[in-house]
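Here the structure is laid out as structure tokens; the discussion comes afterwards.
Keep in mind that the numbers below use all heavy atoms, side chains included, and drop hydrogens, waters and symmetry copies. The chains referred to below are lettered A, B, ... by the order of the sequence lines, with proteins before strands, and numbering in each begins at 1.
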Number of protein chains: 2
Amino acid sequence: METVKRPGGRSARVRDAVRQATLAELAERGFGGLTVENVAERSGVHKTTVYRRWGNVEGLIADALELAREEPWPIPDTGSIEGDLRDIVRLVRTGFDDPEAGPVAAAFVAAAMQSPDAARSLHGFLAARHEQSAQVVRRAVARGELPEGVDAHEVIRVAIAPVYYRLFVSHEPVTQDDADRAAAAALTAARAGVL
Amino acid sequence: METVKRPGGRSARVRDAVRQATLAELAERGFGGLTVENVAERSGVHKTTVYRRWGNVEGLIADALELAREEPWPIPDTGSIEGDLRDIVRLVRTGFDDPEAGPVAAAFVAAAMQSPDAARSLHGFLAARHEQSAQVVRRAVARGELPEGVDAHEVIRVAIAPVYYRLFVSHEPVTQDDADRAAAAALTAARAGVL
DNA sequence: ATATAAACGCAACTGGAGTTGTCTTTGGAG
DNA sequence: CTCCAAAGACAACTCCAGTTGCGTTTATAT
């Protein structure tokens, strides 16, 4: 007999409540202020239960990231690689700028810096995002806008990296112009066959 | 009378001991494992003293960053902007790869994500580094290798950003080829007048 | 409908980070 | 040399994140 668990009852409700509470706490206090105890209280689930199922703060983060991974990501299709790339980088910028989703996204990045588990989760999450975004580059190659051998993932990386750098490393403000410039730089390099 | 404090005595020794201990702890346990208590014990300074002078872990980080800021940074001068840029990006990569200095540097980045104080310190630190690195670009302009209106700081940023992105956001391995490619992409964009 | 094992709730406990009041040391001015 | 204010050492305390043992609920298989 296959002891397949089908979580449709109490466990599922607990899981959802904790996930929601984690996201809410993350939005309010950021990663540094995330506590198992606070998540437990907010979710209405007893803290020992949270400790047993999620272990610690890192577990909560990893689980929340898995949830976020399933949300669809609007890939732009403006007709030109120039517009598509620009929109992707803008989307990254505004995503972190958003007063609601921004802190949560930033918390994920912060968490990944201190927890190998969270780092793996974020890596997987971004790999999925990159794979979707890379499609934009492949379309451009098909249209003849970019040379054949271009590394789609690398183009995306080079385009968005300066935005992340300003946000999380140098801690400078990021304008839309900054985002557009980064997209343009990546595009130029891609066209020249450097990427 | 100018009540100028000249810290050449006990206070200075305490300060140095704490700074050293902070760096050592950071190297061993990273930012997440940094504790005022551990720093106090390792330095031989009583923990109440550390708490009163540095306040908390963030204060220790900010102070250590100020110390690191004074260390000189070897600006390459290969004769061409291509070589200079490449060496700068390689230097960033190897800096975080170094088993001794790497964890400390990574800890600074992690700390800046959770503490506005540390963020300011890191911002200042990197601003100084960037200003030095930008010289390489200005030399290139003087030699006619790059167009006049190029934004020196932006060239540096675009060049090193992909390395930081891989290290601290997507958590992918970073090869020397990756570093060289990022430098080449930034250079191409700069030559084309995009940066 | 009922049995049962997993999941959850609960209260009490543990340990360590951070705080406070007070005493002691020390560097430097006169 | 003497004095004294600033800085440090010390011990005792508080508080909260995380743990443990055990009783209770509940989803699911039969």
Under the side-chain contact (heavy atoms from CB on, under 4.5 Å) test, residues paired with B:Ser121 that sit two or more places apart = B:Ala62, B:Leu65
Note: B:Asp117-B:Arg120 ion pair, threshold 4.0 Å (strictly below) = yes
Under 4.0 Å between a side-chain N or O of B:His46 and OP1 or OP2 of D:dC10?
-> yes
Atom CG of A:Leu34 to atom P of D:dA17: distance rounded to whole Å?
-> 11 Å
If a pair satisfies side-chain hydrogen bond (donor to acceptor under 3.5 Å, both in side chains) and one of its residues is in residues 80-93 of chain A, list it, with sequence neighbours excluded.
-> A:Thr78-A:Asp84, A:Asp84-A:Arg139, A:Arg90-A:Asp180
Length of the CZ-C1' vector between A:Arg53 and C:dG9, whole Å = 14 Å
For A:Arg166, the side-chain contact (heavy atoms from CB on, under 4.5 Å) test, sequence neighbours excluded, returns A:Ser170, A:Glu172, A:Val174, A:Asp178, A:Arg181, B:Glu154, B:Arg157
What residues 60-67 of chain B contributes to the DNA chain C interface at heavy-atom separation below 4.0 Å is none
Using atom CD of A:Glu25 as one end and atom C1' of D:dA17 as the other, report the distance to the nearest whole Å.
-> 14 Å
Proximity to the side chain of B:Arg13 - top-ranked nucleotide from C:dG9, C:dG27, D:dA9 | C:dG27
For B:Pro147, check side-chain contact (heavy atoms from CB on, under 4.5 Å) against everything at least two apart and list the hits.
-> none
Residues 148-169 of chain B vs ring-ring contact (aromatic ring centres under 6.0 Å, His included), sequence neighbours excluded, gives A:His130-B:Tyr165, A:Tyr164-B:Tyr165, A:Tyr165-B:Tyr164, B:Phe96-B:Tyr164, B:Phe96-B:Phe168
Reading nucleotides 13-22 of chain C 5' to 3', which nucleotides get B (base under 4.0 Å from a protein heavy atom), which S (sugar-phosphate only), which -?
-> ----BBBBBB
Round to the nearest Å and state the distance from A:Glu41 atom CD to C:dG9 atom C1'.
-> 15 Å
Which pairs pass ring-ring contact (aromatic ring centres under 6.0 Å, His included) with one or both residues in residues 38-66 of chain A, sequence neighbours excluded?
-> none
Residues in side-chain contact (heavy atoms from CB on, under 4.5 Å) contact with B:Arg19, at least two apart in sequence or another chain = B:Arg15, B:Asp63, B:Leu67
